[in-house]
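A short write-up of the structure that comes next.
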Amino acid sequence: MASPKKKLQGLVAATITPMTENGEINLSVIGQYVDYLVKEQGVKNIFVNGTTGEGLSLSISERRRVAEEWVTKGRNKLDQVVIHVGALSLKESQELAQHAAEIGADGIAVIAPFFLKPWNKDVLINFLKEVAAAAPALPFYYYHIPALTGVKIRAEELLDGIQEKIPTFQGLKFSDTDLLDFGQCVDQNRQQQFAFLFGVDEQLLSALVMGATGAVGSTYNYLGKKTNQMLEAFERKDFSLALNYQFCIQRFINFVVKLGFGVSQTKAIMSLVSGIPMGPPRLPLQKASREFTDHAEAKLKSLDFLSFTGLKDRNLETCS
Ligand SMILES: CC(=O)N[C@@H]([C@@H](O)[C@H](O)[C@H](O)CO)[C@@H](O)CC(=O)C(=O)O
């Protein structure tokens, strides 16, 4: 069985794939991006080529190059680099899994194939098993995101006896709001050392109560520091402070969700907050509007999520 250096826990940034203005992947800023996550956000784990990384909109060759660059630039700086290798084609998924192993990634994750879909748990497990077998020394995570894949097989059902079928299975990335399903995944697998990684950033505190061991999300790219403060407060059992942080983060996410929030907007916010150009998204996504970015910037300032001295002590909402 694969055994990771240590269990994947804490915050994991779902990385953006930087692109040039003409839509090509822009590997040149990834080194800077790694330093920003580690030094400015206190985030040392990453999830590459997932939803936020537009993994399914990249070619296989681009996915390989992006993965390689993150592993190379993250060496001796990041704790763990997990590569999402899910694809509609089993062969492509296996190729990416093997490649992740070759370049020295710390784990692989796979979503359910979402065009011709697995129609029950056993079929889905068979698909995942074949991918995992292509990288037999790498920890394997199932990426549950039913709203995007349309595959509604409950994670709890999938986890039942999974390690007998997939010996490298190490955990679940749960990007759904069904806390009954999530809680049962934790409750029914207490004897295992699985990682339970929650993927709905605005509800992370509820998932921590339910037993989440970590979180993978887009907002940890630029709200990692704030979210880490929430994790620390939770760890100290200062639940009232933890709730204040969660509400504060919710105020921002709620605000942008009402304006229309997705991968394009994440790219715009991250460019603004980090100063690293993330570029436009790839079609079919559309670049975030100037209006969106201006509103998001004003909200970030009012919540003190951006350090602009001019606004200090006035018009700030309190977050702790
Ligand atoms: C649907 C979606 O993109 N969900 C995000 C969340 O981080 C999400 O952006 C956040 O909770 C705000 O709603 C992550 O779960 C996605 C993710 O981890 C990934 O990029 O693979």
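Atoms within a ligand are numbered from 1 in the order they appear, just like the ligands themselves.
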Handout entry: Close-contact set for ligand 1 against Phe261 heavy atoms, below 4.0 Å
Key = 12 (C)
Problem - Contacting atoms of ligand 1, where contact means under 4.0 angstrom from a heavy atom of Gly217 - result: 7 (O)
Practice task
Look at Asp187 together with Arg190 and state whether they make a salt bridge at an N to O cut-off of under 4.0 Å.
Solution key: yes
Fill in the blank from the handout: the protein heavy atom lying closest to atom 3 (O) of ligand 1 turns out to be Thr51 CG2, 3.8 Å
Completion exercise
Note: ligand 1 atoms sitting under 4.0 Å from heavy atoms of Val200 are 11 (O)
Problem - Expected output: side-chain Lys121 to main-chain Glu157 donor-acceptor under 3.5 Å - result: yes
Handout entry: Main-chain N/O of Gly23 paired to Arg282 side chain as donor or acceptor, under 3.5 Å
Key = yes
Handout entry: Under 4.0 Å to a heavy atom of Phe47 - the qualifying atoms of ligand 1, by number
Key = 21 (O)
Exercise for the section: State whether the side chain of Gln98 and the backbone N or O of Ala134 hold a donor-acceptor pair below 3.5 Å, judged by distance alone. Expected result: no
Fill in the blank from the handout: For Ser218, the ligand 1 atoms with a heavy-atom partner under 4.0 Å come out as 7 (O), 8 (C), 9 (O)
Exercise for the section: Would you tell me whether Ser93 and Lys91 have side-chain atoms, one donor and one acceptor, within less than 3.5 Å of each other? Expected result: no
Handout entry: Contact atoms of ligand 1, heavy-atom distance to Gly50 under 4.0 Å
Key = 21 (O)
Problem - Which segment of Lys173 sits under 4.0 Å of ligand 1 when only heavy atoms are counted - result: side chain
Practice task
Mark up the atoms of ligand 1 that fall under 4.0 Å of a heavy atom belonging to Ser175, in ascending order.
Solution key: 15 (O)
Exercise for the section: Could you give me the CA-CA distance, side-chain angles and deciding distance for Thr51 and Tyr143, then say whether side-chain contact (heavy atoms from CB on, under 4.5 Å) is met? Expected result: CA-CA 10 Å; Thr51 307; Tyr143 181 1; 2.5 Å; yes
Problem - Option nearest atom 16 (C) of ligand 1 (shortest heavy-atom distance, choices Phe198, Tyr143, Phe252) - result: Tyr143
Completion exercise
Per-atom filter on ligand 1: closer than 4.0 angstrom to a heavy atom of Ala14 are 17 (C), 18 (O), 19 (C), 20 (O)
Practice task
Going by heavy-atom distance to atom 13 (O) of ligand 1, choose the closest among Gln203, Glu202, Gln265.
Solution key: Glu202
Practice task
Check whether any side-chain N or O of Lys73 sits under 3.5 Å from a backbone N or O of Tyr33 as a donor-acceptor pair, and report yes or no.
Solution key: no
Completion exercise
Looking only at protein heavy atoms, what sits closest to atom 1 (C) of ligand 1 is Ile145 CD1, 4.0 Å
Handout entry: Taking atom 5 (C) of ligand 1 as the reference point, the nearest protein heavy atom with its distance
Key = Gly199 O, 3.9 Å
Exercise for the section: Please check if the side chain of His84 supplies one atom and the backbone of Val48 the other of a donor-acceptor pair under 3.5 Å. Expected result: no
Exercise for the section: Check for a donor-acceptor pair, side chain of Glu62 on one end and backbone N or O of Ile25 on the other, with a separation under 3.5 Å. Expected result: no
